[in-house]
Amino acid sequence: IYNFFKVKEDEPLQAKMLSRSIENAQRAIEGRNFGIRKHVLEYDDVMNKQREVMYAERLKVLKADDVHDEILRLIPEYVKYIVSTAIDNENKPDTWDIDQLNKTIEAKLLPPETNFMTRERATNWDYDYMLEQLNKAVVEAYEAKIERYKEQNINFREIEKIVLLKNVDGKWIDHIDAMDQLRKGISLRSYGNVDPVIEYKKEGREMFEDMTMSIQDDTVSVLLKAELRRVPVIKREEKKDLVTNEETPAAPKKAAKTVGRNDPCPCGSGKKYKNCCGRNA
């Protein structure tokens, strides 16, 4: 435009159309940047809410004397999940695979060779009553296990807190990484006419719920089947010093050579020993 109208280089361009174009471009850029900042804040708000929930629950565990009641509260849901992996509750009890059900129960819930489920029980019990009785058996076995360790002076309730906290910390770290990966790729959803922020909130909530269930299931699973044993403490023997303060025994002295009577006298006189120093021997 400068070259066409032969305008001097130091003379400013003044035109309404040009000013409007610049203003529109500035508004567009500012609007886009505002949208980016708004999305970032909304993404951060999702993680902040989840973080508040997790830290509050973790702090509750740390301050509690024990979490035994909480573990007992989680057992029924875990029992229901384990049974659902072995049988279909919509099928009639007389069609259940008793052997497979007992294998699953003994692998995840009760001690070996318990044989909790029998054909007679399957005939007389319905699904809900079976779950109720199995839950009672699991709780009784768990309490008996705690008493057994108590007799060995092992505080199993402290073990409960350690296992729960370990699962919370490990699962939360994995969840943060997963949410970060989701955030990096969620913007591509906009090409499908989907609001990426809404999708992020939806999937983030589902992932958080899955993480919570995983914490509960893994904690109960470990506590029900883990067996503890004391590791004997091996005391190291004190190393003996190679150098001691004891006096080193002197080397044995060589015995003096016996001089024969006819041998030259050791005094150097040149005479035989019997005629010199050995005369009076």
Side-chain angles (χ1 to χ4, degrees), residues 26-85 89 108-109 131 135 138-139 142 155-226:
Q26 287 177 337
R27 279 196 295 268
I29 292 174
E30 290 173 358
R32 187 191 66 174
N33 291 340
F34 175 79
I36 293 173
R37 290 193 298 270
K38 182 181 178 182
H39 285 177
V40 170
L41 291 175
E42 289 177 330
Y43 291 147
D44 290 342
D45 185 56
V46 173
M47 280 305 301
N48 286 336
K49 289 180 179 178
Q50 293 184 1
R51 187 178 292 108
E52 289 174 2
V53 173
M54 286 301 299
Y55 286 2
E57 291 299 319
R58 190 178 189 278
L59 184 61
K60 189 187 299 182
V61 173
L62 287 172
K63 289 185 175 181
D65 294 333
D66 63 65
V67 293
H68 183 66
D69 291 340
E70 180 68 16
I71 301 301
L72 295 180
R73 186 185 66 82
L74 299 176
I75 288 179
E77 193 66 30
Y78 180 70
V79 169
K80 183 177 180 180
Y81 164 71
I82 294 301
V83 171
S84 68
T85 63
N89 64 334
K108 299 292 185 179
L109 302 173
L131 281 181
N135 181 64
V138 171
V139 172
Y142 183 60
N155 186 1
F156 199 82
R157 298 201 173 187
E158 186 65 25
I159 303 298
E160 289 177 327
K161 286 186 67 173
I162 293 173
V163 172
L164 179 56
L165 286 172
K166 186 175 183 297
N167 275 296
V168 168
D169 293 343
K171 300 290 185 182
W172 175 244
I173 291 173
D174 293 340
H175 178 72
I176 291 175
D177 293 338
M179 290 292 288
D180 186 56
Q181 293 300 320
L182 175 64
R183 180 172 175 172
K184 289 179 179 178
I186 200 69
S187 59
L188 298 176
R189 307 285 178 92
S190 60
Y191 291 106
N193 294 325
V194 176
D195 189 338
V197 176
I198 295 177
E199 288 295 298
Y200 181 79
K201 291 180 178 179
K202 178 182 176 182
E203 294 194 20
R205 181 174 62 253
E206 293 174 354
M207 291 167 61
F208 186 78
E209 291 174 354
D210 290 343
M211 176 202 64
T212 303
M213 289 299 300
S214 179
I215 291 173
Q216 296 174 357
D217 289 347
D218 287 2
T219 299
V220 176
S221 174
V222 171
L223 292 174
L224 289 182
K225 299 303 292 184

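Both backbone and side-chain heavy atoms feed into the values below; hydrogens, waters and symmetry mates do not. Values in this document were obtained by computation on a predicted structure and should not be read as measured data.
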**Request:** Take Arg73 and Glu70 through the test salt bridge (charged side-chain N to carboxylate O under 4.0 Å, His left out) and record every step on the way to the result.
**Result:** CA-CA 5 Å; Arg73 186 185 66 82; Glu70 180 68 16; 2.4 Å; yes

**Item:** Trace of the side-chain contact (heavy atoms from CB on, under 4.5 Å) decision for Met54 with Met211
**Value:** CA-CA 11 Å; Met54 286 301 299; Met211 176 202 64; 3.5 Å; yes

**Request:** Decide salt bridge (charged side-chain N to carboxylate O under 4.0 Å, His left out) for Asp65 and Arg157; before the verdict, give the C-alpha distance in whole Å, the side-chain angles of both, and the deciding distance to 0.1 Å.
**Result:** CA-CA 9 Å; Asp65 294 333; Arg157 298 201 173 187; over 6 Å; no

**Message:** I'd like to know whether Thr219 forms a side-chain contact (heavy atoms from CB on, under 4.5 Å) with Tyr78, so could you lay out the CA-CA distance, the side-chain angles of the two residues, the decisive distance to 0.1 Å, and finally the verdict.
**Reply:** CA-CA 10 Å; Thr219 299; Tyr78 180 70; over 6 Å; no

**Item:** side-chain contact (heavy atoms from CB on, under 4.5 Å) between Ile159 and Asn155, intermediate numbers included
**Value:** CA-CA 7 Å; Ile159 303 298; Asn155 186 1; over 6 Å; no

**Request:** I would like to know whether Lys60 and Glu57 meet salt bridge (charged side-chain N to carboxylate O under 4.0 Å, His left out); could you show each step before the answer?
**Result:** CA-CA 5 Å; Lys60 189 187 299 182; Glu57 291 299 319; 3.5 Å; yes

**Request:** Step by step, work out the side-chain contact (heavy atoms from CB on, under 4.5 Å) result for Ile215 and Leu164.
**Result:** CA-CA 8 Å; Ile215 291 173; Leu164 179 56; 4.2 Å; yes

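A donor-acceptor distance shorter than 3.5 angstrom exists from the side chain of Ser84 to the backbone of Tyr81, with no hydrogens or angles considered.
The shortest side-chain heavy-atom distance between Asp218 and Lys171 falls under the 4.5 Å cut-off. Counting heavy atoms from C-beta outward, Arg51 and Asn48 have side chains that approach closer than 4.5 Å.
Comment: Asp45 does not engage Lys201 in a salt bridge, judged by the lack of any side-chain N to carboxylate O separation of less than 4.0 angstrom.
Across Leu109, Leu74, Asn167, a single residue satisfies side chain to side chain contact (heavy atoms under 4.5 Å, CB included) together with Val220, and that is Leu74.
Using the six-membered ring where Trp is involved, Tyr55 and Trp172 have ring planes that are perpendicular, over 60° apart on the 30 and 60° scheme.
Summarising the local packing, NZ of Lys225 is surrounded by more than 12 heavy atoms from other residues, nucleotides or ligands at distances under 6.0 Å. Summarising the local packing, NZ of Lys161 is surrounded by more than 12 heavy atoms from other residues, nucleotides or ligands at distances under 6.0 Å.
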